[in-house]
Amino acid sequence: MEEETDTPKINNSFLRDHNYATEADVISTVEFNPSGELLATGDKGGRVVVFQREQETKSEPQRRGEYNVYSTFQSHDPEFDYLKSLEVEEKINKIRWLPQQNAAYFLLSTNDKTVKLWKIRERDRRPEGYNLKDEDGRIRHPSTITSLRVPVLQNADLMVEATARRVFSNAHTYHINSISVNSDFQTYISTDDLRVNLWNLEITDQSFNIVDIKPCNMEDLTEVITAAEFHPQQCNTLAYSSSRGSIRLCDMRKQALCDTHCKFFEEPEDPSTRSFFSEIISSISDIKFSHSGRFLMTRDYLTVKVWDLNMETRPVQTYQVHDYLRGKLCSLYENDCIFDKFECVWNGSDSVIMTGSYNNFFRMFDRNTKKDVTLEASRENSKPRAILKPRKVCVGGKRRKDEVTVDSLDFSKKILHSTWHPQENIIAVAASNNLYIFQDKVT
Amino acid sequence: MRYSYQRRTCAIARAKMFPKGTKRKFSDSREEPVAGGEDVNQSSLAAVRMLSSYSLQRQSLLDMSLIKLQLCHMLVEPNLCRSVLIANTVRQIQEEMTQDGTWQIMTQALSAANAAAQCSADRLVATEVLCRQTEAAQGEQVPKPFPVVGSEGCPAEEVLEEEEEAAAAEVGMTMSTVSPQAPTSYLPGTFGMDPCWEEEETGEDDDDDDEEEEEDSEECGSGSEGEERERDSLVEDTRTAEQVFGTFEIKNPAPSPDPALEELFSDVDASYYDLDTVLTGMQSVPKMGPYDLLESLSSHGPSPLSSSTSCRSDLNELDHIMEIIVGS
């Protein structure tokens, strides 16, 4: 992986310009589709923006397929739950693409309560020459029709339209934190704080509850589900993580209600680092199966861990994302940053993992060479098409030039969401209302 | 009555926690003689300081966590994961404090405070009025040793300060800074000021004697000087146990039975753990945080604590809700 061992090769090739900084524009999820041709982003205002990669042209080999806006639509609207007198936010929590089966693209998008299946398709032809209505669409008076004609498809301007094909609602009492499409491409799961529901993509009025950790007495509640995902190949296997730092692997064939796990992954706590914040920082914010299906990656507040599904006792690799924050946990608790949920991603070959941090930094770890790099997603500090410079946070007393001290980190600039192209070295990173897309250098 | 009890316990605690090295003006004529204040030797001094620093941090963490639990979004459902994590932290602290034995002390102080507060609930207005009177009388009250409560215009606050410090000192912990922005809001609600106490204060100040005033504030004020140093090294927390105690009272006005432990957590439980209730509409009644108490008490005297707050925040809620319904 040349990109990681020789970081100057990473090329910042495209920056999306979002000049307005309203709260509704804050990006809340990013996801490449399975082919990498499309990139979807969801924001706090309930909108989904889909980018499409340009076809590569021989005349401009440097513009190796930039991403341009393909479609924009309002996926979710704010709702008001009259029964509970509570507002339901329209913020898009997750987007997951379905594999492409025909000319149209399908994706699932969800807010706190409702999952929707959207169909995005192009229309560049229009039927013209109707008999009963004229070109404007007005109905023709039958007496004016003197001859019959067959409507013909004419070329029209390319239009991309998005329609909501399914709305899966009323299945979650708590906030949905993840959705995951099954490898059978017929079912998917939606997960909230206490339950995991299984849906069929065709059926919207029924879902099966397969995991339920709600205690009889809510006062006994000490653990919630933070994320869940289907295994990439085994359609009967799913994993879910908890706020206590444990992962449970479930087999749906075993029983209908997967409350008992098949495998339980948890690393014993290191007593020397125990503090009042131990539990909070062990809470897993994201889990991702590797593409191979053999490993599972989890992100907690300070680390990323890679687990071998065959070994439950401890992870096979642990990477420190920003260990320098360990001494600042109290202030991070006070300003609520300790509850930030960072995501993590694999690259296409499972050799590199990436996750975000503060100050618009994000980190990549090469699992083979054990090297890591910190990069910054910032317009001020890098020009378009310039190679990204590795950043460093200085932890000791002496600060070298270009290093950033821990105290000068901007905790309001956090990279929570990112995604990696399934085959190539293209990453998309969301920094508040800005989307950064990086590619490795064209050699 | 209660005042003198607190003065005494404060003095004792202060002697234990802030021995040698704490700068203070000396006046024992008002205090009960306390032995051993100056005699603590150096070796235990360091240990005591370390212990109190840890206790301080733990206490401030507890306060912070409880505030976080109390203040939740009115319109949007609170984040369950976050709430569970904070609650677990609170429980962890509580368990540790129980093992230490500090929990018992704190709950005793609370129940004392609560008990006093209960019977004076209807005297809230009275104390407010009283405070204003005493304020006039205590025109040039010497500012307390620590800079935060420097304003002379808030003797009530000082008065409050002393009380809360007394209670806090009693449990072997010092008070964190009261921010200047926290005005007399907390004053009436919390410990239910005893009017007699006010008079005593006034009486003392009639002499207009610096020394005496200082020693008044001294009882707990001198403790505060040592506190000051501790406080400086503390993390930025500016909460007072005041707020914590205050919120307990708001939540749980009825006198509670033993154990005090249960009482302490009953309101946290009721208000938060019972999520089903929360989710099914209790949210619509805005929870009373300490800030809400200020509003309610300043606008209406002894009226039911919840209604006045509801009115005000309900209006804002209503606007917001109308926006959504109208679909703007």
Side-chain angles (χ1 to χ4, degrees), chain A residues 77-91 112-113 173-175 177 192-194 213-227 241-245 274-285 301 328-336 338-341, chain B residues 54 57-58 60-65 67-68 73-93 96 234-239 265-266 268-270 272-285 314 317-318 320-328:
Chain A
D77 293 308
E79 286 165 17
F80 192 73
D81 183 336
Y82 298 97
L83 227 49
K84 299 175 191 171
S85 294
L86 288 172
E87 191 185 320
V88 178
E89 280 188 332
E90 66 273 29
K91 173 170 76 100
D112 283 339
K113 298 284 184 183
T173 313
Y174 305 99
H175 293 183
N177 52 52
D192 67 26
D193 293 313
L194 297 177
I213 65 167
K214 183 175 183 228
C216 300
N217 187 356
M218 278 299 269
E219 294 188 10
D220 300 333
L221 181 66
T222 55
E223 192 176 7
V224 298
I225 300 175
T226 51
S241 59
S242 80
S243 57
R244 281 224 154 143
R274 177 147 184 78
S275 73
F276 285 120
F277 305 109
S278 295
E279 187 184 327
I280 300 180
I281 62 171
S282 73
S283 171
I284 293 174
S285 52
Y301 192 63
K328 303 197 107 199
L329 291 178
C330 197
S331 19
L332 292 167
Y333 179 71
E334 190 175 1
N335 63 15
D336 266 10
I338 207 174
F339 300 109
D340 286 336
K341 291 186 187 290
Chain B
Y54 176 76
Q57 288 177 6
R58 188 175 60 185
S60 74
L61 187 61
L62 178 65
D63 297 347
M64 213 193 305
S65 306
I67 300 280
K68 281 183 189 293
H73 302 285
M74 298 308 173
L75 278 180
V76 186
E77 282 175 68
N79 186 339
L80 184 60
C81 182
R82 178 177 172 269
S83 305
V84 167
L85 289 173
I86 298 173
N88 288 349
T89 309
V90 168
R91 201 185 281 120
Q92 200 185 330
I93 297 175
E96 201 180 284
L234 250 188
V235 182
E236 350 27 51
D237 182 47
T238 56
R239 315 270 186 256
F265 266 96
S266 60
V268 175
D269 282 349
Y272 151 71
Y273 277 133
D274 196 0
L275 282 158
D276 279 347
T277 334
V278 164
L279 292 174
T280 50
M282 256 179 73
Q283 283 293 93
S284 57
V285 176
D314 266 350
E317 266 187 59
L318 220 54
H320 190 88
I321 290 165
M322 286 314 295
E323 263 180 54
I324 297 171
I325 294 172
V326 166
S328 54

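Only a predicted model underlies this, so the values are computations on that prediction, with no experimental measurement involved. Every chain is numbered from 1 and lettered A, B, ... according to where its sequence line falls, protein lines coming before strand lines.
Contacts between A/Asp336 and chain B at a heavy-atom distance below 4.5 Å involve backbone atoms as well as side-chain atoms. Only the side chain of A/Leu194 comes within contact range of chain B, with at least one heavy atom under 4.5 Å from a heavy atom of that chain. Contact annotation for A/Ser242: neither backbone nor side-chain heavy atoms come within less than 4.5 Å of a heavy atom of chain B. Only the side chain of A/Thr226 comes within less than 4.5 Å of a heavy atom of chain B; its backbone N, CA, C and O stay farther away. Contacts between A/Ser243 and chain B at a heavy-atom distance below 4.5 Å involve backbone atoms as well as side-chain atoms. Contacts of A/Phe339 with chain B are made by side-chain atoms alone, with heavy-atom separations under 4.5 Å and no backbone atom involved. Using a 4.5 Å cut-off between heavy atoms, A/Lys113 contacts chain B through its side chain alone, with no backbone atom that close.
Taking the side chain as every heavy atom from C-beta outward, B/Leu85 and A/Glu279 approach each other to under 4.5 Å. No side-chain heavy atom of A/Phe276 sits less than 4.5 Å from a side-chain heavy atom of B/Gln57.
Cation-pi check for B/Lys68 over A/Tyr333 is met; the charged atom lies under 6.0 angstrom from the ring centroid and within 45 degrees of its normal.
Summarising the geometry of B/Cys81 relative to A/Lys341, their closest heavy-atom pair is SG-NZ, 3.5 Å, with the distance given to 0.1 Å. Counting all heavy atoms, side chain and backbone alike, A/Thr222 lies closest to B/Asn88 at O-ND2, 2.8 Å.
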Check against side chain to side chain contact (heavy atoms under 4.5 Å, CB included), A/Leu221 and B/Leu80 | CA-CA 10 Å; A/Leu221 181 66; B/Leu80 184 60; 4.1 Å; yes
Hey, mind stepping through A/Cys330 and B/Met64 against side chain to side chain contact (heavy atoms under 4.5 Å, CB included) and telling me if it holds?
-> CA-CA 10 Å; A/Cys330 197; B/Met64 213 193 305; 4.2 Å; yes
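Partners of A/Lys91 under the side-chain contact (heavy atoms from CB on, under 4.5 Å) rule, at least two apart in sequence or in another chain, are A/Ser28, A/Lys44, A/Glu89, A/Asn93. A search for salt bridge (Lys or Arg N to Asp or Glu O under 4.0 Å) contacts involving A/Glu223 returns A/Arg248, not counting sequence neighbours.
The structure places CZ of B/Arg82 at 11.5 Å from CD1 of A/Ile338, a figure rounded to the nearest 0.5 Å.
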